[in-house]
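To start, the structure itself, in structure tokens.
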Amino acid sequence: MTTAITIEHVSKSFTAGGQRVTALDDVSLSIDRGEIFGIVGYSGAGKSTLLRTINALERPTAGRVVVDGVEVSALGGRALHRQRQRIGMIFQRFNLLQSRTVFQNVAYPLRVAGASKDEIVDRVDELLRFVGLSERALEHPSRLSGGQQQRVGIARALANRPDVLLSDEATSALDPQTTSEVLELLRRVNREYGVTIALVTHEMEVVRELADRVAVMQQGTVVEHGAVYDVFSRPSHPTTRRFVSSVLHHLPDAEALDRIRRVHRGRIVQIHVENRESNDPFLSRIARQHDVDYNVVYGGVSELQSRLFGTLTVELLGNDLDVDRAIAGIATSAAIIELPPSAEQATSAAEELIHA
Ligand SMILES: Nc1ncnc2c1ncn2[C@@H]1O[C@H](COP(=O)(O)OP(=O)(O)OP(=O)(O)O)[C@@H](O)[C@H]1O
Ligand SMILES: [Mg+2]
């Protein structure tokens with residue numbers, strides 16, 4: 001695995017209205033060749049600024065950015081121009097030229113790069129076929145839906161056969177169905193053309209569907225990063241946990257737990273399952289063995305990158321000794337904790353469970 005993009009101790013501050021704003025504060029990351037790397041964070045976290053240092057639309061105040069062995073943060077003039085052709089970019093608002101046809105939009109970067117007329121026709125035809133818009137070549141962008149306009153944006157970004165594609169909230173203006181279609185297209189860009197993709201989003205669902213690895217940003221820093229499966233199954237920073245729980249509903253919050261306790265008077269446990277390869281139905285087997293009933297009252301199991309993980313909140317019913325034995329039995333197959341009576345204690349217990 002070779003590195004496509006290295007971000008080394010990058011800081012960036014702006015001066016706006018006499019105020020100094022630190023958009024990036026000592027960020028270091030590396031993105032492997034051929035991977036899809038997600039950057040997630042709330043508004044103002046510094047995601048766009050970080051992405052824009054990769055094609056030198058922003059210059060770091062300190063630190064350096066290296067793409068395919070070239071320090072882009074030090075380039076200028078023609079060398080920068082050439083380097084930018086190796087890096088495509090797509091945007092939330094598509095940024096198409098409204099007065100030009102679809103064909104002309106995709107042809108534009110090829111003309112700028114000095115391609116011949118024949119080359120342009122061939123390449124644009126190929127790209128429009130790839131994004132499924134051959135029939136719309138002579139129309140203007142305003143006649144197309146948002147999803148179709150973003151396809152034109154993707155075709156245009158690929159025109160000069162870039163090694164890297166930067167995506168800044170490319171699906172944020174689209175409905176969920178169209179978002180899935182555009183994400184699927186980006187997956188094909190990655191698989192079929194081998195393009196490394198760095199994508200910025202505030203939607204964890206996009207990361208879950210598409211990314212191999214993810215970095216979570218907050219106030220100009222990366223607070224957590226890793227393989228998507230690891231980050232989703234064991235988020236450690238509170239911000240990451242909030243993002244993960246926006247798409248996975250495995251753990252009840254304090255209010256849900258309160259409601260559960262009001263309805264369910266048995267002993268409540270949480271069972272964390274991860275990477276299970278056996279098909280042992282351990283829960284029913286152990287319950288039967290110890291003459292205990294169980295009742296799944298909350299939770300879920302999700303699949304991510306073909307692996308399962310999740311947390312179930314379960315009420316165990318039976319005499320205390322039998323329940324104790326059942327808990328000990330389950331502990332040999334999965335991580336399990338019994339929730340203490342108060343909600344606050346329960347929340348910290350759940351964290352221990354996941355990080356056990
Ligand atoms: N050109 C600029 N001049 C002044 N401040 C800026 C500039 N660009 C960004 N900032 C500030 O830097 C911080 C990070 O901005 P950035 O656009 O990178 O965040 P973001 O994570 O992309 O947010 P969003 O999700 O809203 O797009 C913000 O406080 C922003 O106001
Ligand atoms: Mg942004």
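Whatever order the structure lists ligands and atoms in, that order sets their numbers, starting from 1. Values below: all heavy atoms of this structure, side chains included; hydrogens, waters and symmetry mates excluded.
In this structure, CG on D168 lies 9.5 Å from CD1 on I90, to the nearest 0.5 angstrom.
Side chains of S142 and Q98: no donor on one and acceptor on the other come within 3.5 Å. Checked by atom type, the side-chain pair H272/T311 shows a donor-acceptor distance below 3.5 Å. Donor-acceptor pairing under 3.5 Å is recorded for the side chains of T178 and D175.
Residue E192 places its CD atom among more than 12 non-hydrogen atoms of other residues, nucleotides or ligands, all under 6.0 Å distant. Environment of CD in Q219: sparse, with no more than 12 heavy atoms of neighbouring residues, nucleotides or ligands closer than 6.0 Å. Within a 6.0 Å radius of NE2 in H225, other residues, nucleotides and ligands contribute 12 heavy atoms or fewer. In this structure, Y108 places its OH atom where only 12 or fewer heavy-atom neighbours from other residues, nucleotides or ligands lie under 6.0 Å away.
Ring pair F130/Y193 is tilted by interplanar angle, where 30° to 60° counts as tilted.
For atom 29 (O) of ligand 1, the nearest protein heavy atom lies closer than 4.0 Å. Note that atom 13 (C) of ligand 1 has protein non-hydrogen atoms nearby, at separations under 4.0 angstrom.
Between A16 and ligand 1, not a single N/O pair is under 3.5 Å apart.
The single protein non-hydrogen atom nearest to atom 25 (O) of ligand 1 is K47 NZ, 2.8 Å, given as residue, atom name and distance. Ranking protein heavy atoms by distance to atom 9 (C) of ligand 1, first place goes to F14 CE1, 3.4 Å. Remark: minimum distance from atom 26 (O) of ligand 1 to any protein heavy atom is reached at S43 OG, 2.5 Å. At the top of the distance list for atom 15 (O) of ligand 1, counting protein heavy atoms only, stands T49 OG1, 3.8 Å. Nearest protein neighbour of atom 17 (O) of ligand 1, counting heavy atoms only, is S48 CB, 3.9 Å.
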Which is it for S13 and R20 under the side chain to side chain donor-acceptor pair (under 3.5 Å) test, yes or no, and what are the steps along the way?
CA-CA 7 Å; S13 42; R20 205 171 154 82; 2.9 Å; yes

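Using a 4.0 Å cut-off to heavy atoms of A23, the atoms of ligand 1 that qualify are 12 (O), 13 (C), 14 (C). Proximity to Y42 (heavy-atom distance under 4.0 Å) selects the following atoms of ligand 1: 21 (O). Which parts of ligand 1 touch G46 is read off a 4.0 Å heavy-atom cut-off, strictly below it: atoms 14 (C), 16 (P), 18 (O), 19 (O), 20 (P), 21 (O).
With a 4.0 Å heavy-atom cut-off, ligand 1 is reached by the side chain of V21 but not by its N, CA, C or O.
For the pair R307 and Y229, the cation sits on the ring face: its NZ or CZ lies under 6.0 Å from the ring centre, inside 45° of the axis.
Using a 4.0 Å heavy-atom cutoff, G44 is listed among the residues neighbouring ligand 1.
Side chains of N55 and R86 form no contact here, defined as non-hydrogen atoms less than 4.5 Å apart.
Tally of protein N, O or S atoms closer to the Mg ion (ligand 2) than 2.8 Å: 1.
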